[in-house]
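Order of appearance sets the numbers: ligands from 1, and atoms from 1 within every ligand. Note that the coordinates shown come from a computational prediction; the quantities given were computed from them, not determined experimentally.
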Amino acid sequence: MSWSLTIGRLFGVAIRVHITFVMFLVWIGLAAFHSRGAEAALESVVYIVLIFVCVIMHEFGHILVARRYGIETDEVTLLPIGGVASLHRMPDTPSRELAVAIAGPLVNLVIAAALVVAIGVSTFSPAGMEDLANPGLSMLERLAAANLILALFNLIPAFPMDGGRVLHALISLRTGDARATDIAATIGQACAFGLGLIGLFGYPILLFVAIFVYVAAAEEAKLSHVRQALAGLMVGEVMETEAMTIPLHATLKEAVDLLLATPQDDFPLVDAFGKPVAATTRSEIIAALRSQDPQAPLPSRPAATIRAVETADKALQALSDARVGALCVIDAEGVFVGLLPRQALAEAMMIRAAQPSWRFRRKVT
Ligand code: ZN
């Protein structure tokens with residue numbers, strides 16, 4: 001996410017802070033200074049840093065549960081509404097989606113419970129939660145209250161908040177994924193309107209949350225429609241079969257000669273058996289040409305491959321997981337049979353939209 005800066009790493013995940021989160025913290029600090037002076041402002045800053053730590057722990061609740069299901073995460077971005085962990089994908093079964101989504105708010109509930117026990121159950125009163133800045137409350141009491149609010153707020157049933165995911169998982173247990181996304185996105189947008197209305201009547205920060213939620217819900221619905229448009233299609237039906245390959249040990253000069261003969265952007269590097277073992281791109285070849293001898297070996301990275309018999313939906317997932325422009329399509333023996341750039345999936349969707357019953361040529365059986 002842009003407008004963010006990295007402040008550290010934990011479990012191999014970058015922790016980033018969005019500019020709006022910083023503004024939110026400054027706003028709270030200034031408000032405390034204005035009303036109660038420097039000492040109160042310092043105390044507020046300490047309190048804010050502690051909340052900040054709780055938000056990070058919330059995100060790592062999601063991240064570590066997702067990791068159990070083999071889903072990695074690159075970064076966590078902190079926003080005024082909490083944090084956003086950029087999981088490579090969401091789990092594909094409703095029960096796993098539910099587990100990942102609920103893990104974050106559960107972390108806050110556990111922190112709140114632990115703090116309440118530390119304070120002494122009898123002295124903690126939820127009534128104090130009405131005013132987090134109440135100087136009559138101890139830091140621990142306010143922190144317990146903040147964690148309760150974090151948990152409840154994130155459980156509002158609207159994308160991209162955890163409650164939206166929980167709702168989506170629960171609906172898809174009954175209706176299947178595509179329908180569930182439509183329903184959950186609609187409920188999410190209704191919640192966004194509600195939040196926006198409350199925002200108009202005195203909680204301006206909620207207006208930002210409402211806009212954020214509205215846009216995210218629309219994004220989610222769009223992705224679901226892409227999935228539906230690709231449903232039932234196989235990689236072998238939509239791949240490009242005329243793709244050019246480059247021999248594994250070709251030099252830069254040889255690659256440039258091939259590159260000039262085709263408009264292709266992604267090139268598989270194949271071994272003597274026709275198996276794609278590495279891949280390179282047009283721009284990587286050109287960049288290497290600027291700094292290296294034409295007889296030098298090609299710049300390359302491991303090839304991202306997919307079987308021709310896999311579904312187009314899975315290819316879409318693989319493309320975003322591998323963060324590449326194209327997948328090398330292979331047969332059962334691992335031999336290169338075609339290339340699947342993002343463009344090929346987009347074309348398949350356009351053909352489907354124009355002719356819903358179009359029969360794609362089965363290129364690989
Ligand atoms: Zn969360």
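- Q355 contributes no side-chain N or O that, together with a main-chain N or O of S357, makes up a donor-acceptor pair within less than 3.5 Å.
- Around the OH atom of Y214, the shell of radius 6.0 Å holds no more than 12 heavy atoms that belong to other residues, nucleotides or ligands.
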Can you check side chain to side chain contact (heavy atoms under 4.5 Å, CB included) on V100 and I71, steps first, answer last?
CA-CA 10 Å; V100 171; I71 300 166; 5.6 Å; no
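- M244 CE to L339 CG: the interatomic distance, rounded to the nearest 0.5 Å, is 12.0 Å.
- In this structure, E75 contributes its side chain and R16 its backbone to no donor-acceptor pair below 3.5 Å.
- The Zn ion (ligand 1) has H58 NE2, H62 NE2, D162 OD1, D162 OD2 as its protein N, O or S neighbours under 2.8 Å.
- Other residues, nucleotides and ligands place no more than 12 heavy atoms under 6.0 Å from the CZ atom of R68.
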